[in-house]
*Asks:* 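If you scroll down you'll find the structure; I have some questions about it.
If you're wondering where the values come from, they're calculated on a predicted model, not measured in any experiment. Order of the sequence lines fixes the chain letters, A, B, ..., with proteins taken first and strands second; residue numbering starts at 1 for each chain.
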Protein chains: 2
Amino acid sequence: MGTIAGTSVDTDVVVLLARASGAALRTANAALEPLGLRARHYAALTIAAESGGVAQRQIGALLGLDPSAVVTLVDDLEGRGLVQRLPDPDDRRARLVTATADGIRLLERAGDVAREVRQAALGALSPAERETFVALLRRVVG
Amino acid sequence: MGTIAGTSVDTDVVVLLARASGAALRTANAALEPLGLRARHYAALTIAAESGGVAQRQIGALLGLDPSAVVTLVDDLEGRGLVQRLPDPDDRRARLVTATADGIRLLERAGDVAREVRQAALGALSPAERETFVALLRRVVG
DNA sequence: TATTGTTATACTCTATAACTATA
DNA sequence: TATAGTTATAGAGTATAACAATA
């Protein structure tokens, strides 16, 4: 489990992940605040824009969010006019979340911010190490 | 930012970290539940046991927790008789959190559980990849 | 003046159950 | 029967400000 040596601890993977995630989220939320977005909204808006229309269920699956949390998330974005819920012609239960022109414009403005956030999150690593880290992290998430 | 290809997304690092952390925490909390512990309590108890007495401030620094959250955490552990708050002879503001005999006994019982959790969290990676990943993750956290 | 621990408080996040309308 | 979305709600986590005791 780890032993204390001086002031440093051979910390648990779970703790390390929680710390890295918390720090990255705080950085992202602070950086996106001037645009009125949180990391979660930015991610969902990106998915909506790039997909050209996704079911909420899929947003939840991609972002690891509960369906009920996706409702709140899309409500926020729709309330700001950044996305629309359109009927899915293939499945009348589902509603396709699509980015509006305003949403796409905001995403473009947020591009630089997002780049800075990614850099800050992995600032301690070299470019090659970042690639390695993200590749492994993606496999960890599955 | 990433482009959609089929059903997979070149997801943001922030999202990946949040997903990995969430999944690891859920696994850890579920596995430790029979022992009446959450991941956070387990981590703090480990630090207390291995250090032989830590200031709450340091627990917060190691675990990335707000000082006020550490109060609640140590209250829980103390209420269950797993740690004690002893006066620090070198600084009368601080209180040294030390594991009790019960706390150490519980930690020993939790050892196997912790091993399983770490394995589950990084189950998709080979042993060598796990080492690489944890080393990089530790540098990301700083 | 700054720091440790503490309390109170507000806010966000997460998770579940129950419901509807479809499939 | 199962699934997509929704609502309500409860519980956990996070963050801030203010305070007493001590440095």
*Asks:* Enumerate the residue pairs fulfilling ring-ring contact (aromatic ring centres under 6.0 Å, His included) with a member in residues 59-84 of chain A, sequence neighbours excluded, ordered by first and then second residue.
*Replies:*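 Qualifying pairs, neighbours excluded: none.
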*Asks:* Would a distance-only check, ignoring hydrogens and angles, find a side-chain to backbone donor-acceptor pair under 3.5 Å from Arg80(B) to Gly36(B)?
*Replies:*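 Yes; at least one donor-acceptor contact below 3.5 Å.
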*Asks:* Which residues in residues 72-87 of chain B have at least one heavy atom lying under 4.0 Å from any atom of DNA chain C?
*Replies:*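 The stretch gives Arg85(B) as the residues lying under 4.0 Å from the strand, ordered by number.
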*Asks:* According to the side-chain hydrogen bond (donor to acceptor under 3.5 Å, both in side chains) rule, which pairs have a member within residues 99-108 of chain B, sequence neighbours left out?
*Replies:*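 Checked against side-chain hydrogen bond (donor to acceptor under 3.5 Å, both in side chains) - neighbours excluded - the pairs reaching residues 99-108 of chain B are Asp102(B)-Arg105(B).
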*Asks:* Indicate the atoms forming the closest heavy-atom contact of Leu25(A) with Ala39(A), along with that distance.
*Replies:*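 It is CD2-CB, 3.9 Å.
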*Asks:* Could you state whether Val70(B) and Leu96(B) fall into the same hydrophobic cluster, counting links through intermediate Ile, Leu, Val, Met, Phe, Trp or Tyr residues with side-chain heavy atoms under 4.5 angstrom apart?
*Replies:*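 Per the 4.5 Å side-chain linkage, Val70(B) and Leu96(B) are not co-clustered.
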*Asks:* Going 5' to 3' along DNA chain D, between which two nucleotides do contacts with chain B fall, using a heavy-atom cut-off of 4.0 Å?
*Replies:*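 Here the contact window of chain B covers dA12(D) to dA23(D).
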*Asks:* Among residues two or more places apart or on two chains, list those pairs meeting ring-ring contact (aromatic ring centres under 6.0 Å, His included) that have a residue in residues 20-39 of chain A.
*Replies:*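 Applying ring-ring contact (aromatic ring centres under 6.0 Å, His included) to every pair that reaches into residues 20-39 of chain A, excluding sequence neighbours, yields nothing.
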*Asks:* Do Leu35(A) and Val14(B) sit in the same hydrophobic cluster, where Ile, Leu, Val, Met, Phe, Trp and Tyr count as joined when their side-chain heavy atoms come under 4.5 Å apart?
*Replies:*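 Yes, one cluster joins them.
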*Asks:* Using side-chain heavy atoms (C-beta onward) and a distance below 4.5 Å, is Ile47(B) in contact with Leu63(B)?
*Replies:*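 Yes, at least one pair of side-chain atoms sits under 4.5 Å.
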*Asks:* So if I take residues 88-100 of chain B and measure heavy-atom distances to DNA chain D, which residues fall below 4.0 Å?
*Replies:*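 Correct list: Asp91(B), Arg92(B), Arg93(B).
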*Asks:* Give a yes or no answer on whether the side chain of Arg38(B) reaches the backbone of Glu33(B) with a donor-acceptor pair at less than 3.5 Å.
*Replies:*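 Looks like no, no N/O pair under 3.5 Å.
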*Asks:* Is there any protein nitrogen or oxygen under 3.5 Å from a nitrogen or oxygen in nucleotides 15-18 of chain C, and what are the pairs?
*Replies:*
| residue | atom | partner | partner atom | Å |
| --- | --- | --- | --- | --- |
| dA15(C) | OP1 | Arg26(B) | NH1 | 3.2 |
| dT16(C) | O4 | Ser68(A) | OG | 2.9 |

*Asks:* Which residues in residues 28-40 of chain B have a heavy atom closer than 4.0 Å to any atom of DNA chain D?
*Replies:*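 Only Arg38(B), Arg40(B) qualify.
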*Asks:* Name all pairs fulfilling the side-chain hydrogen bond (donor to acceptor under 3.5 Å, both in side chains) condition that reach into residues 17-31 of chain B, sequence neighbours left out, sorted by first residue then second.
*Replies:*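 Every pair satisfying side-chain hydrogen bond (donor to acceptor under 3.5 Å, both in side chains) with a residue in residues 17-31 of chain B: there are none.
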*Asks:* Could you note down all residue pairs passing salt bridge (charged side-chain N to carboxylate O under 4.0 Å, His left out) where residues 89-100 of chain B supplies at least one of them, sequence neighbours left out?
*Replies:*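 Sorted result for residues 89-100 of chain B: Asp91(B)-Arg93(B).
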*Asks:* Using whole Å, what does the distance between atom C1' of nucleotide dT3(C) and atom CD of Gln56(B) come to?
*Replies:*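 It is 14 Å, rounded to the nearest whole Å.
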*Asks:* May I have all residue pairs that pass salt bridge (charged side-chain N to carboxylate O under 4.0 Å, His left out) and include part of residues 53-77 of chain A, sequence neighbours excluded?
*Replies:*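 Every salt bridge (charged side-chain N to carboxylate O under 4.0 Å, His left out) pair that includes a residue of residues 53-77 of chain A, provided the two are not neighbours, is Asp75(A)-Arg85(A).
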*Asks:* Using OP1 and OP2 only, check whether a side-chain N or O of Gln58(B) sits under 4.0 Å from dT4(C).
*Replies:*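 So the side chain of Gln58(B) is outside the cut-off, no N or O lying under 4.0 Å from OP1 or OP2 of dT4(C).
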*Asks:* Would you call Arg139(A)-Glu129(B) a salt bridge at under 4.0 Å N-O?
*Replies:*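 Result for this pair is yes, salt bridge flagged.
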*Asks:* At 10 degrees resolution, what angle do the end axes of the helix from dT1(C)-dA23(D) to dA23(C)-dT1(D) form when each is taken over five base pairs?
*Replies:*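 Here the helix ends are tilted 10° relative to one another.
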*Asks:* Hey, which sits more toward the 5' end of DNA chain D by its nearest nucleotide, Ala55(A) or His41(B)?
*Replies:*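 Taking each residue's closest nucleotide, the earlier one in sequence belongs to Ala55(A).
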*Asks:* Determine whether Val71(A) and Leu77(A) fall in the same hydrophobic cluster, where Ile, Leu, Val, Met, Phe, Trp and Tyr are linked whenever their side-chain heavy atoms lie under 4.5 Å apart.
*Replies:*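 In one cluster with Val71(A): Leu77(A), no.
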